[in-house]
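To start, the structure under review is shown below, and the notes come after it.
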Amino acid sequence: MGVFLYLCLLLLLQASSICGALFTTSNTYISTSFVTLYSNTSDIDTPAANGSHTQTNDRNIIQCNEVTPPNSGLQGVLYDRGTSCQQDTTDIIPALLTNQPKIALVKASGDCNLTQKAYYSALDGAIAVVAFGPFDQGVYTDTTISVQDSINITVYYVDVNVGYSILQQLRQTQPIGYDAANNVTYQTAMKITLFPAIGGFPNAWEFTLLIVVALLLVSFLISGKLFCTVSK
């Protein structure tokens with residue numbers, strides 16, 4: 001009987017660990033790091049010479065539309081679009097940004113709403129938008145993309161302090177350099193990755209696995225009870 005109880009406990013612990021692995025959760029968050037861009041490639045994964053300095057933030061971040069990035073993250077080179085109240089921008093940072101995937105950093109201020117900012121950013125080729133502004137009530141409340149507007153890029157809204165911190169780092173990127181040996185130009189840039197909130201509700205295959213575990217546990221308990229009854 002002692003062995004049977006031990007096996008039951010072991011099975012319960014195993015089931016608990018499976019459930020814990022399935023029902024993991026995380027908030028919406030962003031991650032930034034420094035990379036080196038080269039004029040002969042669209043790769044954005046080469047760490048900067050002085051280090052990547054990866055930073056993450058998951059506080060006061062709102063996903064403003066239903067275009068959710070993949071669980072593995074949506075990444076691109078961050079560039080400053082100012083208030084993004086028009087399609088064309090000047091003084092692009094970083095200057096070497098050409099055909100790499102790019103994500104627009106946008107100020108919440110200006111004479112346009114968040115939908116228009118996202119619209120112009122999409123026309124500019126951005127794959128996502130990170131807008132920043134205050135969360136105080138009555139100061140800026142336009143944090144939801146209008147449902148009637150088809151904005152097919154992810155839009156995040158972050159706290160003004162986080163936004164200005166990122167903007168300050170973005171403006172400290174290095175000037176364009178030249179590698180004579182390989183005849184390419186290069187520049188340090190900031191890569192940003194957008195991660196979605198991951199809930200703990202299981203999908204179809206996870207439900208199936210949980211049912212199988214539950215059935216095994218029930219059958220094991222019934223078998224053990226029958227064995228104990230017969231052994232008396």
Side-chain angles (χ1 to χ4, degrees), residues 24-38 41-65 67-84 89 91-109 114 117-118 121-122 124-136 139-140 143 145 153-177 186-200:
T24 54
T25 61
S26 68
N27 296 326
T28 300
Y29 72 100
I30 60 175
S31 173
T32 59
S33 60
F34 287 102
V35 295
T36 301
L37 304 181
Y38 290 94
T41 178
S42 60
D43 177 74
I44 61 172
D45 292 322
T46 304
N50 60 345
S52 59
H53 303 290
T54 302
Q55 296 182 357
T56 59
N57 188 285
D58 65 351
R59 299 184 61 187
N60 292 337
I61 298 178
I62 299 174
Q63 181 178 329
C64 302
N65 59 357
V67 185
T68 302
N71 289 351
S72 57
L74 176 66
Q75 63 180 19
V77 177
L78 191 68
Y79 75 112
D80 180 16
R81 269 194 59 81
T83 59
S84 191
T89 58
D91 300 326
I92 294 296
I93 300 173
L96 199 60
L97 181 58
T98 53
N99 61 340
Q100 298 90 348
K102 59 184 182 180
I103 295 177
L105 181 66
V106 172
K107 293 180 181 178
S109 57
L114 189 57
K117 295 174 187 294
S121 297
D124 192 35
I127 62 172
V129 170
V130 176
F132 66 94
F135 274 80
D136 307 63
V139 177
Y140 190 78
T143 56
I145 293 295
I153 61 175
T154 301
V155 180
Y156 276 13
Y157 188 92
V158 303
D159 179 73
V160 61
N161 294 323
V162 175
Y164 272 116
S165 175
I166 293 175
L167 180 61
Q168 184 179 19
Q169 295 179 66
L170 179 61
R171 289 178 173 174
Q172 292 176 351
T173 54
Q174 301 297 316
I176 295 177
Y186 61 90
Q187 184 182 25
T188 299
M190 178 179 286
K191 180 176 73 174
I192 187 168
T193 307
L194 279 54
F195 294 94
I198 300 176

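What you are looking at is a predicted structure, and each value in this text was computed from that prediction instead of being measured.
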Could you tell me which non-hydrogen atom of [X] sits nearest to which non-hydrogen atom of [Y], and how far apart they are?
{"X": "Cys64", "Y": "Leu114", "value": "SG-CD2, 3.8 Å"}
{"X": "Ala189", "Y": "Val77", "value": "CB-CG1, 4.0 Å"}
{"X": "Thr36", "Y": "Pro47", "value": "OG1-O, 3.5 Å"}
{"X": "Ser31", "Y": "Thr54", "value": "OG-CG2, 3.6 Å"}
{"X": "Leu194", "Y": "Ala128", "value": "CD2-CB, 3.9 Å"}
{"X": "Ala126", "Y": "Tyr79", "value": "CB-OH, 3.8 Å"}

Partners of [X] by side chain to side chain donor-acceptor pair (under 3.5 Å), sequence neighbours excluded?
{"X": "Asn60", "result": "none"}
{"X": "Ser121", "result": "Arg81, Ser84"}
{"X": "Thr41", "result": "none"}

Which atom pairs, one a donor and one an acceptor, fall under 3.5 Å between side chains of residues 67-76 and the rest of the protein, sequence neighbours left out?
from: Thr68; atom 1: OG1; to: Gln63; atom 2: NE2; distance (Å): 2.9
from: Gln75; atom 1: NE2; to: Asp45; atom 2: OD1; distance (Å): 3.4

Straight-line distance of [X] [atom1] to [Y] [atom2], nearest 0.5 Å:
{"X": "Tyr157", "Y": "Ile61", "atom1": "OH", "atom2": "CD1", "result": "12.5 Å"}
{"X": "Met190", "Y": "Leu170", "atom1": "CE", "atom2": "CG", "result": "6.0 Å"}
{"X": "Gln187", "Y": "Leu37", "atom1": "CD", "atom2": "CG", "result": "6.5 Å"}
{"X": "Ile103", "Y": "Ile153", "atom1": "CD1", "atom2": "CD1", "result": "9.5 Å"}
{"X": "Ile166", "Y": "Gln168", "atom1": "CD1", "atom2": "CD", "result": "11.5 Å"}
{"X": "Phe34", "Y": "Leu78", "atom1": "CZ", "atom2": "CG", "result": "10.0 Å"}

Salt-bridge present (Asp159, Arg59; N to O < 4.0 Å):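 Salt bridge absent between Asp159 and Arg59.
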Compare all side-chain heavy atoms of [X] with those of [Y] and state whether any distance is below 4.5 angstrom.
{"X": "Tyr186", "Y": "Thr46", "answer": "no"}
{"X": "His53", "Y": "Gln169", "answer": "no"}
{"X": "Val130", "Y": "Leu105", "answer": "yes"}

What pairs with Thr83 under side chain to side chain contact (heavy atoms under 4.5 Å, CB included), at least two apart in sequence or on another chain?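 Listed in chain order: Cys85, Lys107, Ser109, Lys117.
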Name all residues meeting the ring pair (Phe, Tyr, Trp, His ring centres under 6.0 Å) criterion together with Tyr29; count only those two or more places apart in sequence or in a different chain, and write none if there are none.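 Tyr29 satisfies ring pair (Phe, Tyr, Trp, His ring centres under 6.0 Å) with Phe195 once adjacent residues are dropped.
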